[in-house]
**Student:** 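Dropping a structure here in structure tokens format, bear with me for questions.
Remember, predicted model here, so these are calculated numbers, not experimental data. Quick note on labels: first sequence line is chain A, next is B, and so on, each numbered from 1.
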There are 2 protein chains.
Amino acid sequence: MYCKYRMKPTINDIARIAGVSKKTVSRVINDSPLLTGETRDKVKAVIEQLGYVPNPQARALALGHNFLIGLVHDNPNAQMILNMQQGILEGLRGTEFAMVVQPVNRSSPSLVEDMREFIVRQRLYGIVILPPISENDAVAKMCVEAGCRYVRMGSAVLDESKHMVASNDRDAVKEAVRYLIQQGHKRIAIVTGPQGFRSATERLAGFEDAMTEAGMKLPRSHRAEGEYTFDSGLVATEQLLDLSPRPTAIFASNDEMAAAVLYAARLRGIAVPDELSIVGFDDTPIASRIWPPLTTVRWPIVAMGRSAAHKLIAGAVEEIDLEDEPTEFLSNLIRRGSVAPPKP
Amino acid sequence: MYCKYRMKPTINDIARIAGVSKKTVSRVINDSPLLTGETRDKVKAVIEQLGYVPNPQARALALGHNFLIGLVHDNPNAQMILNMQQGILEGLRGTEFAMVVQPVNRSSPSLVEDMREFIVRQRLYGIVILPPISENDAVAKMCVEAGCRYVRMGSAVLDESKHMVASNDRDAVKEAVRYLIQQGHKRIAIVTGPQGFRSATERLAGFEDAMTEAGMKLPRSHRAEGEYTFDSGLVATEQLLDLSPRPTAIFASNDEMAAAVLYAARLRGIAVPDELSIVGFDDTPIASRIWPPLTTVRWPIVAMGRSAAHKLIAGAVEEIDLEDEPTEFLSNLIRRGSVAPPKP
DNA sequence: TTGTAAGCGTTATCAT
DNA sequence: ATGATAACGCTTACAA
């Protein structure tokens with residue numbers, strides 16, 4: 001047997017069989033530039049032949065960090081988180097990195113300490129932080145202190161390029177509302193997200209941009225605050241549908257609340273889209289499953305996840321160049337059946 | 001400074017300050033029974049004081065495995081995976097274990113090798129396998145070979161108790177269909193899941209159980225095969241709604257397809273629930289967001305995840321007793337607006 | 001360009 | 001009951 005106990009081969013096995021020292025093998029693994037092409041080829045052949053894979057735990061110990069990327073989130077929009085996971089894993093594919101997931105409670109007073117604990121315990125190489133936690137600068141500061149790379153995901157650029165993947169919610173919503181205006185809507189209302197969410201602010205700003213551009217005003221009454229949940233959307237919608245004259249279109253700041261707008265309209269016998277047009281945000285699966293299917297904003301979460309992962313590991317993986325990774329990502333409006341011109 | 005460079009304290013710092021050897025500290029950490037209470041207390045005090053946490057990477061190297069639990073899935077449905085993650089993390093809370101997630105492609109010819117690679121690379125302590133991959137016995141065999149603990153999640157008990165957390169889909173569906181029959185339905189159809197999914201088989205069997213119990217037959221025409229996707233549900237439903245006389249109730253083997261049944265009914269102007277009752281399975285968020293809200297089967301995914309995690313780490317964590325962990329989990333029927341007695 | 005020795009933080013072995 | 005010493009697999013000085 002070429003190595004003890006039929007276990008996975010170690011660096012020692014490779015060194016012995018290739019007739020070189022451990023360190024030489026280590027140099028091959030780490031693509032050191034100081035090697036003869038000949039030596040390199042010889043060692044690589046043995047590595048290939050034995051199917052040798054370096055032990056990440058040993059490397060972790062020697063290097064002082066693990067080959068783990070953390071994903072920290074709260075606010076489970078299930079599909080968003082799963083898409084993000086998919087994107088990160090795509091970004092990590094082919095490397096020795098793995099992804100560990102950690103949900104946290106954003107309103108816990110120990111949030112920052114909980115995250116530090118997570119980072120330090122697992123000696124994470126880097127973490128991806130999802131909104132709304134990503135908007136917390138104290139968290140970013142803690143990451144630096146803890147010696148952990150980080151990338152924040154957000155609805156606007158909040159940090160240096162290497163620490164950020166961002167959508168542009170403001171422009172995306174502006175385009176969506178512009179579309180409603182083009183359809184002839186005059187009384188357009190918004191269900192906003194909760195205060196303290198940057199995405200809520202951005203989306204509202206985009207809404208106002210479009211209105212201003214068209215010389216229209218957003219009366220305070222046409223603005224109802226939700227909390228990104230279905231139930232809060234229901235409550236906010238009631239408020240808007242009580243108005244007289246009623247809005248002919250409602251932009252809801254996420255799909256969950258847009259589904260609530262639709263639900264509330266149905267409860268009152270208001271026809272969608274004939275009597276009320278609805279636009280959502282996220283393009284979650286629910287948007288295309290309900291009737292009528294929802295016009296909504298789709299943002300490239302998977303691509304953002306992939307890029308976030310790349311930004312984190314660019315320093316460790318030769319093939320990845322930080323310069324190639326975008327910081328801002330474009331959303332686009334998905335037009336479906338929930339919007340129509342207002343009936344006079 | 002009590003330890004070099006203000007770094008996290010190591011076992012050496014604890015040993016030095018407590019005036020004992022490394023090994024003694026190690027014994028305290030691992031709850032060795034051979035210690036004086038006095039020594040133990042002294043060491044524990046120092047650990048407490050310095051906030052010492054053992055380095056998982058070093059332990060991993062010494063022990064030959066990592067403190068990582070893997071979650072392997074092939075994206076059956078986003079909410080289910082996220083609930084499972086939540087459950088596993090609840091089960092891991094307070095321990096030194098973390099969860100790493102790995103999606104795989106169930107139809108890849110290299111599925112088993114891909115999973116082995118994942119396990120060996122990260123030296124996983126154990127993995128949780130989600131359906132339908134969990135139904136593959138070759139995967140379980142590979143885990144044993146690779147020296148990795150595993151727990152399979154499934155819709156029926158497929159393995160020894162310590163390797164299994166299972167729902168009882170057959171009984172759950174039986175109860176659901178029994179409910180339809182009680183409401184007076186005579187022509188009940190089913191949209192099944194895809195062949196090769198154990199859950200599909202179980203749910204169909206439960207359907208047939210209820211029919212048989214009531215002395216009813218399931219004609220071949222009342223059975224349409226879907227693939228657990230919205231689009232396949234649409235196609236299957238078309239088939240069923242073309243029948244004459246039309247079924248008065250349809251059980252869809254998951255919510256995604258139940259949403260499709262509702263959607264297809266709406267396209268044809270068939271009123272739900274007055275002209276058609278619908279029952280789904282999963283109780284995903286979509287079930288309560290659509291109109292009318294969906295009567296469906298809810299299964300305790302979070303609890304199953306927690307238990308799966310506990311079964312994996314029971315040997316490593318004193319507080320957890322394998323005997324306390326259930327293997328079968330009960331589902332229950334959530335009654336909402338999509339079911340009504342048939343109109344004559 | 002390559003090799004040697006020491007060390008990363010922990011556990012296992014075998015003394016005492 | 002406790003401790004010295006050698007692993008675990010790899011990397012980083014520092015030599016050669």
**Student:** Side chain of B:Y52 only, heavy atoms from C-beta on: which candidate in C:dT10, D:dT2, D:dC10 is closest?
**Tutor:**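 It is C:dT10.
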
**Student:** For B:Q102 and B:Q122, test the side chains for any donor-to-acceptor distance below 3.5 angstrom and give the result as yes or no.
**Tutor:** no

**Student:** Kindly determine whether B:N30 and B:R59 satisfy side chain to side chain donor-acceptor pair (under 3.5 Å), including the steps that lead there.
**Tutor:** CA-CA 11 Å; B:N30 295 287; B:R59 303 192 68 195; 2.8 Å; yes

**Student:** May I have the distance from A:F67 (atom CZ) to D:dC10 (atom C1'), rounded to whole angstrom?
**Tutor:** 10 Å

**Student:** Less than 4.0 Å between a side-chain N and a carboxylate O, is that true for B:E135 and B:R198?
**Tutor:**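 Salt bridge: no.
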
**Student:** How many whole angstroms separate atom CG of A:L61 from atom P of D:dC10?
**Tutor:** 12 Å

**Student:** Could you state the atom-to-atom distance from CZ of B:R59 to C1' of D:dG9 in whole Å?
**Tutor:**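 Interatomic distance, CZ of B:R59 to C1' of D:dG9: 18 Å.
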
**Student:** Any side-chain donor-acceptor pair under 3.5 Å between A:K311 and A:T327?
**Tutor:**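 Yes.
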
**Student:** I want to check something: taking the side chain as every heavy atom from C-beta on, are B:L71 and B:I88 in contact at a cut-off of under 4.5 Å?
**Tutor:** yes

**Student:** Is there a donor on the side chain of B:R27 or the base of D:dG3 sitting less than 3.5 Å from an acceptor on the other?
**Tutor:** yes

**Student:** Could you check how far CD1 of B:I14 sits from C1' of C:dT11, rounded to whole Å?
**Tutor:**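 Taking atom C1' of C:dT11 as the reference, CD1 of B:I14 is at 16 Å.
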
**Student:** Go through the N and O atoms of the side chain of B:K22 and the base of D:dA4, and report whether any donor-acceptor pair is under 3.5 Å.
**Tutor:** no

**Student:** Please report the distance, rounded to the nearest Å, between CD in A:Q57 and P in C:dT11.
**Tutor:**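 A:Q57 atom CD is separated from C:dT11 atom P by 15 Å.
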
**Student:** Take B:K23 and A:I29, find for each the nucleotide of DNA chain D with the closest heavy atom, and name the residue whose nucleotide sits nearer the 5' end.
**Tutor:**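 Closer to the 5' end of DNA chain D: B:K23.
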
**Student:** On the nucleotide C:dG3, are OP1 or OP2 found under 4.0 Å from the side-chain N or O atoms that A:S21 carries?
**Tutor:** yes

**Student:** Using the closest heavy atom to pick a nucleotide of DNA chain D for each, name whichever of B:L34 or B:R123 lands nearer the 5' end.
**Tutor:**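 Nearest nucleotide further toward 5': that of B:L34.
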
**Student:** Could you please name the option among C:dT2, D:dG3, D:dG9 that lies closest to any side-chain atom of B:V20?
**Tutor:**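 Looking only at heavy atoms from C-beta outward on B:V20, the closest nucleotide is D:dG3.
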
**Student:** If you compare every side-chain N and O of B:T24 against the phosphate oxygens of D:dT2 (OP1, OP2), does one of them come in below 4.0 Å?
**Tutor:** no

**Student:** In whole angstrom, give the distance that lies between atom CD of A:E38 and atom P of C:dT2.
**Tutor:**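 About 8 Å, once rounded to whole Å.
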
**Student:** Measure the distance from CG on A:D13 to P on D:dC8 and round it to the nearest whole Å.
**Tutor:**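 Whole-Å distance recorded here is 11 Å.
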
**Student:** Is B:I11 touching bases, backbone alone, or none of the nucleic acid, heavy atoms closer than 4.0 Å?
**Tutor:**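 Base, at least one base heavy atom under 4.0 Å.
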
**Student:** Heavy atoms only, 4.0 Å cut-off, all strands: where does A:V25 land among base, sugar-phosphate and nothing?
**Tutor:** nothing

**Student:** Check whether any side-chain nitrogen or oxygen of B:S26 sits under 4.0 Å from OP1 or OP2 of C:dA12, and answer yes or no.
**Tutor:** no

**Student:** Check this one for me: any side-chain N or O of A:T36 less than 4.0 Å away from OP1 or OP2 of C:dT1?
**Tutor:** no

**Student:** Could you check how far CG of A:N12 sits from P of D:dA7, rounded to whole Å?
**Tutor:** 12 Å

